[in-house]
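Data first, discussion second: the structure below is written as structure tokens.
Please read all numbers here as calculations on a predicted model, not as lab measurements. Proteins come first, then strands; the chains are lettered A, B, ... in the order of their sequence lines, and each starts at number 1. Because only heavy atoms are used, hydrogens play no part in the values below, and waters and symmetry mates are left out as well, while side chains stay in.
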There are 2 protein chains.
Amino acid sequence: MSKSDRIRVRLVDVARAAGVSKTTVSDALNGAGRLPAATREHVQKVARSLGYRPNATARLLRRGHTMLLGVAAREYVETPWVYAELAYFGTLVTAITQAALAHGYGIVLLPTSGPDDCWLDMPLDGVFVIDPVEGDPMVGDFLAAGVPVVSDRRALTEVAIEAREPSRWVDFDYDGAVRQALDHLEAAGAERIAIVTAATTACFYQQSVGAYQDWCAERGRGPRVAYIPGPGLQHVLNAVEGLLNAADPPDALFTLVEINPALLLDAIRKLGRSVPDDLLLVCTTEDPTAPYTDPPTSTLSYLPGETAEAAVSLLVDSIEGREGDQGRLLSADFQIRASSAFPARRPAFPSP
Amino acid sequence: MSKSDRIRVRLVDVARAAGVSKTTVSDALNGAGRLPAATREHVQKVARSLGYRPNATARLLRRGHTMLLGVAAREYVETPWVYAELAYFGTLVTAITQAALAHGYGIVLLPTSGPDDCWLDMPLDGVFVIDPVEGDPMVGDFLAAGVPVVSDRRALTEVAIEAREPSRWVDFDYDGAVRQALDHLEAAGAERIAIVTAATTACFYQQSVGAYQDWCAERGRGPRVAYIPGPGLQHVLNAVEGLLNAADPPDALFTLVEINPALLLDAIRKLGRSVPDDLLLVCTTEDPTAPYTDPPTSTLSYLPGETAEAAVSLLVDSIEGREGDQGRLLSADFQIRASSAFPARRPAFPSP
DNA sequence: CTCTTGTGCAGGAACGTTCCTTCACCAATA
DNA sequence: TATTGGTGAAGGAACGTTCCTGCACAAGAG
């Protein structure tokens, strides 16, 4: 009926056409076996003329591994796939793809929601789970199925310990990173540092806010935390407006959520404040535009490139049966630029 | 030796443990066959207790399709995978992933370069090729292998016609879109409109610049085109600076390349110009921050969401043997905001 | 003229599923 | 008692590869 009824040409078809056995065809095309050059070339010519292409699935079944790595972002599990909103996810996925390619693996983007354990239908050799939720069922399913898992957070112990092989991890020293930024702002003269964070259970936010609160407590300062309720930059802008219009406004802002730095500077300007004269600013972001804003924005980066490299390498070690590290602890990258530099004069803001 | 030597539990293992045949196990777990509830539950219990998970690859081989769609970005073929740099790619990939998921397909990110035809080793049911180059070998390989291809540009005829099944396409009316933006700028009073484009062979830039030149010629105006040599926002900023510092500077800017609007406004401001008073601005971008800049930026969007929807639907039709459309022609979405609105006064720029 | 060694290739098992066919069994009907 | 019909389950082919084993033949050594 349809033109796609034309059946695909298989190995045996080539064998018949060339008047040899399928072993000979396989050997000729794969460069294996003991074949004289004449036979090899003949078979190759016939295969080419028939337009033969090996069936990838059959090959994978035979070989036993698929050379495919899954990637799943779990932070907002209800949203199907959100990474485009966030520069962090975008760069991370890119970096993972490149790193995987370098090891000869392909990348499959996994649904974060879906019917039950539909993710197990994909032929994967390993999975990288970004921002797993607590007791993540996806992680459990894969480990139970014998598929190695690497996560960018290591809060998976309770699931992992009952599995045959615990999941490996890549993690960051959040506490150190947050303190580095806060110390810097303090040294630059800030006395009322506010942070903007997300109202999620994601490990990154939990630990960062915790570190911030500890840091404030050690200095006897009241914490100023703005929580945004979900993804979307309007929420972030609202939160910033709320902070700056408060009775006792902050003299420094530290954002944990992704926000385009130029846009944030715009918003701050519209609220009648000037960076860095009235307000110091540090953004947690992977946005490559940060150095080009006016003034250039100080950033805290969680190095998607290195995360990806480490994750893929751990995953591949695990898949290929090598005993490698169990995990890798990375440090964030803090870039100081003019937005948080020591201003000529300290804010002459009226204290209430 | 290693702990991963522990062999995976297969269907036959469950069958042996449950004292039944593999047929019974398969039927019990898949809800097929004629089995009494007792047997079904017994088998399920045994399977669960052994931690059985079906092998995805074997299943795919049997079923004949993999439910996997490939995605390849070809614009900068030399760069391994660049989409994070460009909001268009990011949103497009996200949208494709979601659309594919809705049809029950997964997404595989394909290497754009690599040894020969390594992409054929992936078990794909179909491929979406973004921005194919002329006579793209990847498109040819897939079509020859009987894998349906959909592309977001239709300039593939010479490859497609020799294939059994020509590739399907999603395309845009670039000419109409460019003219819409230019007409709008003209109506707003602009007399010297410059565009910023990329020095690539990609269909989108070629056709858009062509439309711009035609439009200028029809009005007897000299075209002002700035070409950027490669990816990276520094190039864009340099190009803008070059245009605005020229002897006879433009009074309107129309960017075809991706650039963060807030950042561009920053740069224009630093060059001593004000949008929209001195300079009107229209950006081709998918950046969600455009409505939030100061002033809000007029944008031309090539609707990654609709592109993805159409592409996946064409692909799935093709895979599942339905005779569907051969292609889909979409229109770009032009959003007029303050950055290109009629200013109170026309630029009082000195003509040379 | 045998015995070895090597070459060129064919046969068939295996990978782990799904599903089509067959078969035994039991009860109800003719 | 023979026939039908339905139920429960087993056997085995098939999906398209790869690769292990082994056969036939020829050439050289003894």
[X] [atom1] to [N] [atom2], straight-line distance once rounded to whole Å:
X: A:Leu35; N: C:dA10; atom1: CG; atom2: C1'; value: 12 Å
X: A:Leu29; N: D:dT17; atom1: CG; atom2: P; value: 10 Å
X: A:Arg59; N: D:dT17; atom1: CZ; atom2: P; value: 8 Å
X: B:His65; N: C:dT17; atom1: NE2; atom2: C1'; value: 13 Å
X: A:Leu60; N: D:dC15; atom1: CG; atom2: P; value: 18 Å
X: A:Asp27; N: C:dC9; atom1: CG; atom2: P; value: 10 Å
X: A:Arg8; N: D:dT17; atom1: CZ; atom2: C1'; value: 12 Å

From the list [options], which nucleotide is the closest neighbour of the side chain of [X]?
X: A:Pro36; options: C:dC9, D:dG16, D:dA10; answer: C:dC9
X: B:Leu61; options: C:dT17, D:dC15, D:dT17; answer: D:dC15
X: A:Thr24; options: C:dA10, C:dT17, D:dT17; answer: C:dA10
X: B:Arg10; options: D:dT17, C:dT17, D:dA10; answer: C:dT17

> Passes side-chain contact (heavy atoms from CB on, under 4.5 Å), B:Leu120 versus B:Phe142? Steps please.
Replying inline: CA-CA 7 Å; B:Leu120 288 176; B:Phe142 277 118; 3.8 Å; yes

Check every strand shown and say whether [X] touches a base, only sugar-phosphate, or nothing at a heavy-atom separation below 4.0 Å.
X: A:Asn30; value: sugar-phosphate
X: B:Leu11; value: base
X: A:Thr39; value: sugar-phosphate
X: B:Val20; value: sugar-phosphate

>> Tell me every residue that passes side chain to side chain donor-acceptor pair (under 3.5 Å) with A:Asp121, counting only those two or more places apart in sequence or in another chain.
In response: B:Arg59

>> Could you work out, with side chain to side chain donor-acceptor pair (under 3.5 Å) as the rule, every residue matching B:Thr24, not counting sequence neighbours?
In response: B:Ser21

>> The criterion is salt bridge (Lys or Arg N to Asp or Glu O under 4.0 Å); which residues satisfy it with A:Asp125, sequence neighbours excluded?
In response: none

> Residues two or more places apart in sequence or in another chain: which of them pass salt bridge (Lys or Arg N to Asp or Glu O under 4.0 Å) with B:Glu320?
Replying inline: B:Arg322

>> Given 3.5 Å as the limit, does a donor-acceptor pair link the side chain of A:Asn55 with the main chain of A:Thr57, or not?
In response: yes

> Counting only N and O atoms by type, is there a donor-acceptor contact under 3.5 Å from the side chain of A:Arg53 to the main-chain atoms of A:Val9?
Replying inline: no

> Checking side-chain contact (heavy atoms from CB on, under 4.5 Å) for the pair A:Ser26/A:Leu11: CA distance, chi angles, key distance, verdict?
Replying inline: CA-CA 7 Å; A:Ser26 179; A:Leu11 195 67; 4.2 Å; yes

What protein N or O atoms touch nucleotides 11-14 of chain D N or O atoms at under 3.5 angstrom, if any, and at what distances?
residue, atom, partner, partner atom, Å
D:dG11, N7, B:Thr23, OG1, 3.2
D:dG11, O6, B:Thr23, OG1, 2.8
D:dG12, N7, B:Lys22, NZ, 3.3
D:dG12, O6, B:Lys22, NZ, 3.2
D:dG12, O6, B:Thr23, OG1, 3.4
D:dA13, N6, B:Lys22, NZ, 3.3

> Reading nucleotides 22-28 of chain D 5' to 3', which nucleotides get B (base under 4.0 Å from a protein heavy atom), which S (sugar-phosphate only), which -?
Replying inline: B------

> Is there a donor in the side chain of A:Asp152 and an acceptor in the side chain of A:Trp169, or the other way round, less than 3.5 Å apart?
Replying inline: no

> From B:Leu29 CG over to B:Arg40 CZ, what is the distance, rounded to the nearest 0.5 angstrom?
Replying inline: 9.5 Å

